[in-house]
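Hydrogens, waters and symmetry mates play no part in the numbers below; they use all other heavy atoms, side chains included.
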Amino acid sequence: MDSKYDVTITWSLCKNYDEACEFARVLYLHTHGDTPILWGKAASSWLAGKTREYQGLRLTSYYLERDRHWIDRCLAQGDHLYVGEVDREALKRNPSIVGDSVAWLIALYPTPYNRERLNVTPIRFRHVGYVPACLMKTDQEED
């Protein structure tokens, strides 16, 4: 694959809405079992919670308190919420790398609730941390 970028994504698994409040400028994956359901991004905001400071910037939240029931209920029923933090070097090289990463992941792992973009930039990923199972299979196949 001719890739324009090399990006490391550090994955975390959120167990509830409160844990999701700890993340800003991230991408996320909602899964049912090992099946991707929805890719998303909070590229210039907190993933959840109230408006607050982040690295000197005042950021709003993507999922507000009114969304708590939706997130907590999905997780209580066995779904998973993975949050991916893009490495700082990649963010410095390309401030839109979070959105570019989500677009490429949607192209690689389509879901019922995301629309594929026609023009996406290939990205070579290194997944670390609590990696979603659907991504671990691909990483092992490439080794």
Side-chain angles (χ1 to χ4, degrees), residues 1 3-117 120-143:
M1 167 177 60
S3 174
K4 188 171 179 180
Y5 303 109
D6 288 319
V7 176
T8 298
I9 299 177
T10 303
W11 291 96
S12 299
L13 177 64
C14 291
K15 295 181 184 123
N16 54 48
Y17 178 87
D18 291 329
E19 287 184 8
C21 290
E22 299 173 16
F23 296 95
R25 301 188 72 193
V26 295
L27 54 107
Y28 63 91
L29 172 63
H30 173 186
T31 67
H32 181 73
D34 294 343
T35 304
I37 300 298
L38 176 74
W39 292 100
K41 64 181 178 174
S44 58
S45 63
W46 289 96
L47 180 56
K50 299 178 180 181
T51 299
R52 56 202 186 275
E53 297 290 321
Y54 176 79
Q55 297 181 349
L57 301 172
R58 189 147 177 81
L59 299 181
T60 58
S61 289
Y62 191 79
Y63 288 109
L64 302 173
E65 183 68 28
R66 68 174 181 249
D67 301 311
R68 174 187 289 272
H69 72 284
W70 177 79
I71 292 172
D72 284 343
R73 188 67 180 156
C74 285
L75 299 180
Q77 292 179 345
D79 287 359
H80 297 97
L81 176 60
Y82 294 94
V83 178
E85 296 177 280
V86 173
D87 67 276
R88 290 180 187 215
E89 288 303 314
L91 276 170
K92 286 180 189 173
R93 286 191 311 266
N94 176 6
S96 64
I97 194 65
V98 173
D100 292 349
S101 295
V102 169
W104 184 239
L105 287 164
I106 290 168
L108 294 173
Y109 309 96
T111 73
Y113 298 103
N114 292 112
R115 280 188 271 169
E116 246 184 273
R117 291 194 336 210
V120 296
T121 303
I123 300 171
R124 186 174 35 236
F125 293 113
R126 178 174 175 258
H127 299 289
V128 298
Y130 205 104
V131 180
C134 63
L135 301 179
M136 288 192 323
K137 293 174 191 171
T138 302
D139 278 356
Q140 291 170 358
E141 291 167 6
E142 291 175 0
D143 289 342

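Val102 approaches Gly40 most closely through the heavy-atom pair CG2-O, 3.5 Å. The two atoms that bring Trp11 and His127 nearest to each other are NE1-ND1, 2.9 Å, heavy atoms only. Minimum heavy-atom separation, Asp34 to Pro36: O-CD, 3.5 Å. What you find for Val98 and Arg25 is that their closest heavy atoms are CG2-O, 3.9 Å. For Trp46 against Cys21, the heavy-atom pair with the smallest separation is CE3-O, 3.5 Å.
Side-chain N or O atoms of Thr111 include one that pairs as donor or acceptor with a backbone N or O of Asn114 at under 3.5 Å. With hydrogens and angles disregarded, a donor-acceptor distance shorter than 3.5 Å links the side chain of Asp72 to the backbone of Tyr17. A side-chain donor-acceptor contact under 3.5 Å links Trp39 to the backbone of Tyr109.
Taking the side chain as every heavy atom from C-beta outward, Arg126 and Val7 never approach each other to under 4.5 Å. Side chains of Asp100 and Asn94 form a contact here, defined as non-hydrogen atoms less than 4.5 Å apart. In this structure, Cys14 and Phe23 have side chains that are in contact, with non-hydrogen atoms separated by less than 4.5 Å. Between Trp104 and Leu108 there is a side-chain heavy-atom pair separated by less than 4.5 Å.
One distance of note links CG of Asp67 with NE2 of His69; it measures 7.0 Å at 0.5 Å rounding. Put simply, OG on Ser12 and CD on Glu22 are 9.0 Å apart, with the number rounded to the nearest 0.5 Å. With rounding to the nearest 0.5 angstrom, the CG atom of Asn16 is 13.0 Å from the SG atom of Cys74. Note that CG of Leu29 is 10.0 Å distant from OG1 of Thr35, once rounded to the nearest 0.5 Å. Atoms NE2 and NE2, from His80 and His30 in turn, are 9.5 Å apart once rounded to the nearest 0.5 Å. Atom CG of Leu81 sits about 9.5 Å away from atom CD of Glu19, to the nearest 0.5 Å.
Ring centroids of Tyr63 and Trp70 are separated by less than 6.0 Å, placing the two rings close together.
Test Asp6, Val128, Thr8 against Asp87 for side chain to side chain contact (heavy atoms under 4.5 Å, CB included) and you get one pass: Thr8. Checked options Leu27, Val26, Ile123, Leu135; the residue passing with Ile9 is Leu27 (criterion: side chain to side chain contact (heavy atoms under 4.5 Å, CB included)).
Remark: Arg68 engages Asp18 in a salt bridge, criterion side-chain N to carboxylate O under 4.0 Å.
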